[in-house]
Structures are given as C-alpha cells and as structure tokens.
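Quick notes on the structure that follows.
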Number of protein chains: 2
Amino acid sequence: MTTATQTLKDEEELGLVFSALGNPTRRSIVSRLSVGPATVSTLAKPFAMTLPAVSKHIALLEHAGLIHLEKRGRSRLCTLRAEAIIEAEAWLESCRVYWTDTLDSLAQHLEDPDDNPQEAGS
Amino acid sequence: MTTATQTLKDEEELGLVFSALGNPTRRSIVSRLSVGPATVSTLAKPFAMTLPAVSKHIALLEHAGLIHLEKRGRSRLCTLRAEAIIEAEAWLESCRVYWTDTLDSLAQHLEDPDDNPQEAGS
DNA sequence: GGTTAAGTTAACTAAATGGTTAACTGTCAT
DNA sequence: ATGACAGTTAACCATTTAGTTAACTTAACC
C-alpha cells in the first residue's frame with residue numbers, strides 16, 4: 001500500500017522528466033542515447049557550448065531519472081533509463097484514454113453548465 | 001516537400017509541449033481537459049492561485065498547441081488538442097524503438113571506442 | 001612525481017518562469 | 001446606462017534556468 005506515496009513521487013518525477021525534455025539540447029542528448037550509451041565528452045561534441053554547460057544538462061537528466069551515470073575510469077558512461085520515458089508515455093496515454101469515447105463521456109460530464117459546449121450548440 | 005520546414009517547426013513545438021507539461025498546474029489542467037472541455041474560470045477553481053496566474057498557464061498551453069480556445073459569449077471554452085499529445089508520444093516512442101534491439105544495434109554503433117561499455121567488460 | 005585528459009564545482013550573469021496586484025476590455029443582465 | 005461577470009493585460013518581484021570562465025578533482029600515462 002505504498003501506492004499513494006509512490007504516486008506523489010512519480011508525479012514529481014514526471015514534472016522533472018517533462019521539464020528536462022523541454023530543452024532542445026537535452027532532447028538531442030536523449031535521442032543520441034536512445035541509440036546507445038555514450039560518455040559525457042562524446043555527448044558534448046555536437047554542441048556549440050562549453051563542457052560545464054553540457055555537464056549540467058546531463059546532471060539534470062540524471063536527476064530527472066532519464067539517464068544513469070556509471071563511472072568508467074576517468075570518464076562517465078551515460079545510459080538512457082527506459083522507465084522514465086515509459087512513465088512519461090504512460091501519462092500522455094492516460095490523457096488519450098478519455099477522448100476516444102469523448103462523444104459518450106461528454107454527456108456524462110455535464111455537471112457544470114458553463115462548460116457544456118453543446119448547450120448553446122443545439 | 002515542406003517536410004524539412006515542418007520538421008523544424010515541429011521540433012520547436014515539441015519543446016513548447018514538453019516545457020508546458022513540466023509544470024504541475026498545467027499538467028493538472030491538461031488532465032482535467034482530457035475528460036472534456038472547460039472554461040477558464042472552471043479550470044482555475046481547484047488551484048490556490050489567482051485567475052491571472054491560471055490565465056497565463058492557459059495562454060502558454062495554447063501557444064504550445066496543447067489546447068484550443070474558443071470564445072463563447074463572455075467566457076472561453078478550452079479544448080485539448082489531441083495532435084500535440086500524439087506528437088509528444090511519438091517522439092518518446094521514437095526513443096524506444098532503438099533500445100528494443102539494443103543488444104544487436106550496440107554491436108553496430110561502436111564507432112567510438114570511449115563509448116563502448118563492453119570493451120572493458122569482456 | 002609531473003602532465004595531460006575527463007569531468008565536476010564554484011561564482012557569476014542574462015533571460016525566462018511563476019506568481020502577485022491593479023487596471024482594463026468585453027459581454028450579459030437589469 | 002449601470003453594474004456585475006469572465007477574462008486579459010500591465011507592471012512588478014523572486015526564483016530558476018542556461019550559459020559563461022576559472023579553479024578544482026581524479027584517473028591515466030610516461
């Protein structure tokens with residue numbers, strides 16, 4: 001029954017995941033990592049910014065749970081964490097569920113007269 | 001053949017969509033709208049913040065293409081735009097494609113010796 | 001032990017975000 | 001026409017974000 005706590009934590013992480021993906025540099029890094037693991041400096045190469053900047057992006061991605069960092073000698077190997085992506089997808093999917101039978105559910109969700117688009121329509 | 005331009009525009013909108021969903025208030029609004037359309041003030045009710053604050057969140061959601069605003073007398077009806085959500089889902093899905101056959105593709109993507117996690121492993 | 005390579009941390013800056021209050025624009029009702 | 005209702009705009013403020021440069025740690029190399 002740790003579901004409630006778990007849900008709160010997930011909700012918070014979900015925000016971190018979405019914010020992380022809001023940045024083009026980070027999205028690009030995630031795309032790159034979806035092909036396979038890479039080190040920090042390899043990930044940094046394509047970008048016209050300093051290493052500390054990329055390093056911070058990577059730290060943020062890790063904090064969001066989107067990637068995993070593993071020490072490998074003097075370099076760090078970054079790996080994409082499928083779970084985070086799947087969670088984000090699941091949330092988006094949960095928004096889809098409803099509007100598939102929107103025509104039916106609309107009729108049941110008309111508690112608030114202000115929000116009834118059909119009231120003035122028909 | 002407007003694909004290239006379209007892709008750039010989509011990439012930009014994708015960032016707006018993900019950033020928008022990074023905020024818990026906005027995520028909550030989107031969740032609510034997935035059940036059915038609602039007016040601005042109805043959407044604002046659950047939140048412990050002023051109307052202008054919610055109004056700005058809604059404007060941002062519209063700018064991101066996540067919702068559509070329709071004037072209805074003196075109120076505005078907000079409707080979720082499926083396309084935006086589907087685009088975001090599609091991007092996440094595109095990250096998944098690769099790691100399903102990661103074991104195979106890894107062997108083919110080992111251009112960079114620094115990034116080869118198996119090199120030191122075996 | 002000294003140097004180089006990989007990366008992080010610290011201190012700083014400019015711009016964006018998320019909120020506030022106050023004033024404004026329309027629309028509906030009387 | 002007046003007034004209340006729905007919502008936006010403007011001006012402001014505190015915090016966060018995304019980047020910089022400079023200094024530091026740690027591991028590899030000779």
Report yes or no: do A:Ile29 and A:Leu69 belong to one cluster of Ile/Leu/Val/Met/Phe/Trp/Tyr joined by side chain heavy-atom distances under 4.5 Å?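 Result: yes, single cluster for both.
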
Could you give the [atom1]-to-[atom2] distance, from [X] to [N], as a whole number of Å?
X: B:Leu51; N: D:dA6; atom1: CG; atom2: C1'; answer: 8 Å
X: B:Leu77; N: D:dT8; atom1: CG; atom2: C1'; answer: 17 Å
X: A:Leu60; N: D:dT16; atom1: CG; atom2: C1'; answer: 11 Å
X: B:Lys71; N: C:dT27; atom1: NZ; atom2: P; answer: 9 Å
X: B:Lys56; N: D:dT8; atom1: NZ; atom2: C1'; answer: 11 Å
X: A:Leu69; N: C:dT9; atom1: CG; atom2: P; answer: 11 Å
X: B:Arg74; N: C:dC24; atom1: CZ; atom2: P; answer: 21 Å
X: B:His63; N: C:dT17; atom1: NE2; atom2: P; answer: 10 Å

Between A:Glu11 and B:Arg27 (salt bridge meaning N to carboxylate O under 4.0 Å), is one present in this structure?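 Yes, charged N to carboxylate O under 4.0 Å.
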
Nearest heavy atom decides the nucleotide; on that basis, is A:Ala48 or B:Val54 closer to the 5' end of DNA chain D?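 The residue mapped nearer the 5' terminus is B:Val54.
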
Which residue, A:Gly73 or A:Pro52, contacts DNA chain D at a nucleotide closer to its 5' end, judged by nearest heavy atom?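 With A:Gly73 and A:Pro52 compared, the 5'-side residue is A:Pro52.
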
Distance-only, no hydrogens or angles: does the A:Ser31 side chain make a donor-acceptor pair with backbone N or O of A:Ser28 under 3.5 Å?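 Answer holds: no.
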
Does the side chain of B:His57 get closer than 4.0 angstrom to OP1 or OP2 of C:dG19 through an N or O atom?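 B:His57 to C:dG19 OP1/OP2: side-chain N or O found under 4.0 Å.
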
Measuring from atom NE2 of B:His63 to atom NZ of B:Lys56, what distance do you get when rounded to the nearest 0.5 angstrom?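 Going from NE2 on B:His63 over to NZ on B:Lys56, the span is 15.0 Å.
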
Distance-only polar pair, side chains of A:Thr42 and A:Thr39, donor-acceptor under 3.5 Å: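 A:Thr42 vs A:Thr39: donor-acceptor pair found between side chains.
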
Under 3.5 Å, is there a donor-acceptor pair linking the side chains of B:Arg26 and B:His57?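 Side-chain D/A pair, B:Arg26 to B:His57: present.
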
Residue pair A:Cys95 / B:Ser34: nearest heavy atoms and the distance that separates them: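 For A:Cys95 versus B:Ser34, the nearest heavy atoms are O-CB, 3.4 Å.
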
Please list residues of residues 17-28 of chain B whose heavy atoms come under 4.0 Å from any atom in DNA chain C, ordered by number; otherwise none.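 Per residue number, the list reads B:Asn23, B:Arg26.
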
